[in-house]
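Counting from 1, the numbers follow the sequence of the chain as shown.
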Amino acid sequence: MIHSSGPAPFPIQTGNRPANATDTTTDQITRRPLRYRFFFRCNQSFNQVLLRLMSNRAFLRAAATNDVPLIRRMVREHHSADGGNARYRVVHNLDEAAARAVANGKTEALAILLENGACPNEALTGGNYCIPPKRLFSDQRGRRRHRHVTDKLTPETLRILLKNTNICPDATIRLGDSRGQYLDFTLKELINSNAGHKNREEICKMLVSHDHVNVNTEISFDETGAFALSSKMDNRIFYRQPRNTFIHVNFIGQTLMFDNFGLTEHLLTDQAVHLDPGLPSGTGAAENLLIIFMDKYARGCFRKLSGRFTILLDALRNRISDSVAFRDQLLASGNELFKQQLLTLFAIDEPSGNTPSPADYQHLNRDQLDEKILNVLYGSPPGYHFLYPNPPPSYDSCVQEAVRE
C-alpha cells in the first residue's frame with residue numbers, strides 16, 4: 001500500500017515537465033467527445049483531492065478512471081523516492097491497479113502499469129480483485145451472475161496483455177458455484193460461459209490462437225449447480241463416469257453448451273488450433289461432446305447457421321476421425337448410446353433434411369455397433385489392427401500373405 005508521510009505527499013510540480021507520453025495522452029483526451037472530456041476532468045479533480053487524503057485509493061482510482069498523468073506521476077515519484085519502502089509500496093499495488101484498469105477497459109492506464117512492472121496474469125485473471133467470496137451465480141437457476149474483472153475485458157485490452165512476454169493466458173481462475181462448490185476456469189472458459197459478454201466470440205478466438213493456450217481443457221461440475229443450469233441444457237442427459245458425481249465437458253463441448261457456435265467453427269476449422277475432441281481422455285468429456293451436439297441438433301439450434309452448419313458438421317467429423325483418443329474411448333466404451341450417437345452424427349445431412357437419431361441403431365448389439373463405427377471411420381473393410389487389439393500369433397503372417405495377394 002502507498003502511505004503518505006505528510007499532508008501532501010505528492011506536491012504539484014511547477015516549472016517545465018520532462019517530455020513523455022503524458023503529453024501525448026493529454027492530446028488524445030482533447031480530441032475525444034465533450035462528454036468524455038468533462039468526466040475525465042471531473043475524475044482528475046476528484047483524484048487530486050483523494051490523493052491528499054488516501055494516496056493508496058487515489059492510485060487505484062486513477063487506474064480505474066484512466067488518469068494517466070497521475071499514474072505516471074505517482075510511479076515516477078515513488079521510484080525516485082529515498083529508501084526502498086516507498087518503491088515497494090507502489091509496486092505492491094501495481095497488480096491491483098492493473099486489474100482495476102482491465103475491469104474498466106482502460107487500455108492507456110494498463111499499458112503504463114505494465115511498463116512499470118505490473119503482473120499481466122494478475123491483471124488478466126483479476127487476482128483478488130472483483131472475485132467475491134460469495135458464489136459466481138447468485139441463485140440455483142443461474143439467472144444472475146456476479147461481476148468479475150473479465151466481464152469488461154475488451155479486445156484492445158487483451159491485445160496489450162497478450163503481447164507481454166510474462167503472460168500466462170491459461171492461468172486458473174477459481175470461482176464459487178452454487179451449493180458451496182468451486183469450479184476451476186481458464187479465462188477462455190470463463191468468458192465463453194458468459195453469454196452476455198458483448199466481445200465473447202472475438203476475445204475467445206484471440207485466446208485460443210495464442211501459443212500458450214491449451215484448447216483441450218475441461219470443466220467438471222455438478223448437474224444441480226448454477227453453472228450447469230445457466231447453459232440451457234437438460235443436465236440429466238449428461239454422461240458421468242462410474243463412481244464419479246461430476247460432469248466433465250471439454251472446451252469444444254462448452255462452446256456448444258453455451259451456443260458460441262462461431263467459436264465452435266473456429267476451433268474445428270482452424271488447422272493452427274491443435275484441437276482433439278477426445279481429450280481429456282477417460283473423463284467422459286468425449287461422450288458429453290456428442291450428447292451436447294445431438295441435443296442442440298435435435299432442438300434445431302443450428303438452423304440459424306444456415307450453410308455454415310455443413311462446414312461445422314464436416315469439420316467435427318474430420319476432427320473425430322483424426323483423434324486417436326476419441327477412437328480408443330469409443331471402441332473401449334460399454335456405453336452403447338455413445339456409439340449410437342457417433343453413428344447418428346455421421347448420418348446427419350442438412351439441418352432441414354433427414355433427422356436421424358440414436359434410436360435408429362438400438363437394434364444393434366455392441367459388436368455390430370463397433371463394426372459400423374469402424375466402417376464409418378476407416379472404410380470397409382477395417383484394418384486388422386483395429387479388429388484385433390491383441391493379435392493372434394499368426395497375425396504377422398496373415399498381414400504378409402494379404403500384402404502378397
Side-chain angles (χ1 to χ4, degrees), residues 124-153 170-197 200-201 203-204 207 214-261 263-264 267 277 279-296 298-299 301 335 337-338 341:
L124 192 65
T125 62
N128 293 323
Y129 172 64
C130 283
I131 301 184
K134 44 193 172 182
R135 300 179 178 96
L136 176 62
F137 300 95
S138 61
D139 59 24
Q140 287 285 1
R141 297 183 183 180
R143 292 174 297 186
R144 244 180 20 184
R145 178 176 176 141
H146 287 296
R147 181 174 179 268
H148 184 263
V149 65
T150 61
D151 290 345
K152 290 189 177 181
L153 186 64
D170 256 352
T172 301
I173 305 173
R174 189 171 176 80
L175 294 172
D177 196 7
S178 53
R179 300 174 63 85
Q181 297 161 350
Y182 282 83
L183 304 180
D184 291 332
F185 293 89
T186 59
L187 181 63
K188 63 182 185 300
E189 291 170 324
L190 183 59
I191 293 177
N192 173 72
S193 67
N194 185 1
H197 199 300
R200 178 175 69 150
E201 182 179 329
I203 286 178
C204 287
L207 287 167
N214 177 16
V215 296
N216 299 311
T217 54
E218 53 110 26
I219 292 180
S220 58
F221 53 90
D222 188 274
E223 67 175 15
T224 59
F227 170 78
L229 296 175
S230 67
S231 67
K232 300 179 183 178
M233 287 285 299
D234 182 358
N235 303 307
R236 295 169 296 180
I237 65 176
F238 279 118
Y239 174 77
R240 283 175 288 190
Q241 291 282 71
R243 299 181 296 278
N244 190 340
T245 60
F246 290 96
I247 298 165
H248 296 257
V249 177
N250 56 18
F251 182 57
I252 183 68
Q254 294 168 45
T255 64
L256 291 166
M257 187 174 167
F258 289 94
D259 294 347
N260 198 353
F261 301 137
L263 179 59
T264 307
L267 288 169
L279 297 178
S281 58
T283 62
E287 286 94 328
N288 284 324
L289 171 59
L290 288 186
I291 286 173
I292 296 168
F293 184 91
M294 295 311 305
D295 179 74
K296 297 290 182 180
R299 293 193 286 114
C301 297
N335 179 10
L337 178 61
F338 185 23
Q341 287 180 324

> Quick one: do the E189 and T217 side chains pair a donor with an acceptor below 3.5 Å?
Replying inline: yes
Euclidean distance, [Y] [atom2] relative to [X] [atom1], rounded to 0.5 Å:
X    : Y    : atom1 : atom2 : answer
L124 : L207 : CG    : CG    : 7.0 Å
Q181 : T245 : CD    : OG1   : 8.0 Å
Y182 : R174 : OH    : CZ    : 7.5 Å
N335 : L290 : CG    : CG    : 10.0 Å
D151 : L190 : CG    : CG    : 7.0 Å
I247 : I219 : CD1   : CD1   : 12.0 Å

Check: [Y] and [X] side chains under 4.5 Å, non-hydrogen atoms:
X    : Y    : answer
N194 : R200 : no
L229 : N235 : yes
F238 : E223 : no

>> Just to verify, what does R243 make a salt bridge (Lys or Arg N to Asp or Glu O under 4.0 Å) with, not counting sequence neighbours?
In response: none
>> K152: which residues meet the salt bridge (Lys or Arg N to Asp or Glu O under 4.0 Å) condition with it, sequence neighbours left out?
In response: none
> Using the ring of each side chain (for Trp, its six-membered ring), is F227 parallel, tilted or perpendicular to F258, with breaks at 30° and 60°?
Replying inline: tilted
> Quick one: which of T255, L267, I191 gives a side chain to side chain contact (heavy atoms under 4.5 Å, CB included) with C204?
Replying inline: I191
Partners passing side chain to side chain contact (heavy atoms under 4.5 Å, CB included) against [X] (at least two apart in sequence or in another chain):
X    : answer
D295 : M233, I237, R299
N244 : Q241, F246, H248
E201 : K205, N260

Say whether, by atom type as modelled, one donor and one acceptor occur between the side chain of [X] and the main chain of [Y] under 3.5 angstrom.
X    : Y    : value
D170 : N214 : yes
N192 : Q254 : yes
N250 : P277 : yes
D177 : A226 : yes
H197 : T150 : yes

> What pairs with F293 under ring pair (Phe, Tyr, Trp, His ring centres under 6.0 Å), at least two apart in sequence or on another chain?
Replying inline: F302
How close do [X] and [Y] get, heavy atom to heavy atom, and via which atoms?
X    : Y    : answer
P280 : A285 : O-CB, 4.1 Å
V215 : K188 : CA-CE, 4.1 Å
K296 : L256 : CE-O, 3.0 Å
S193 : F185 : OG-CE2, 4.2 Å

>> Under the criterion side chain to side chain contact (heavy atoms under 4.5 Å, CB included), I'd like the reasoning laid out for L337 against Y239: C-alpha separation, chi angles, the key distance, then a yes or no.
In response: CA-CA 10 Å; L337 178 61; Y239 174 77; over 6 Å; no
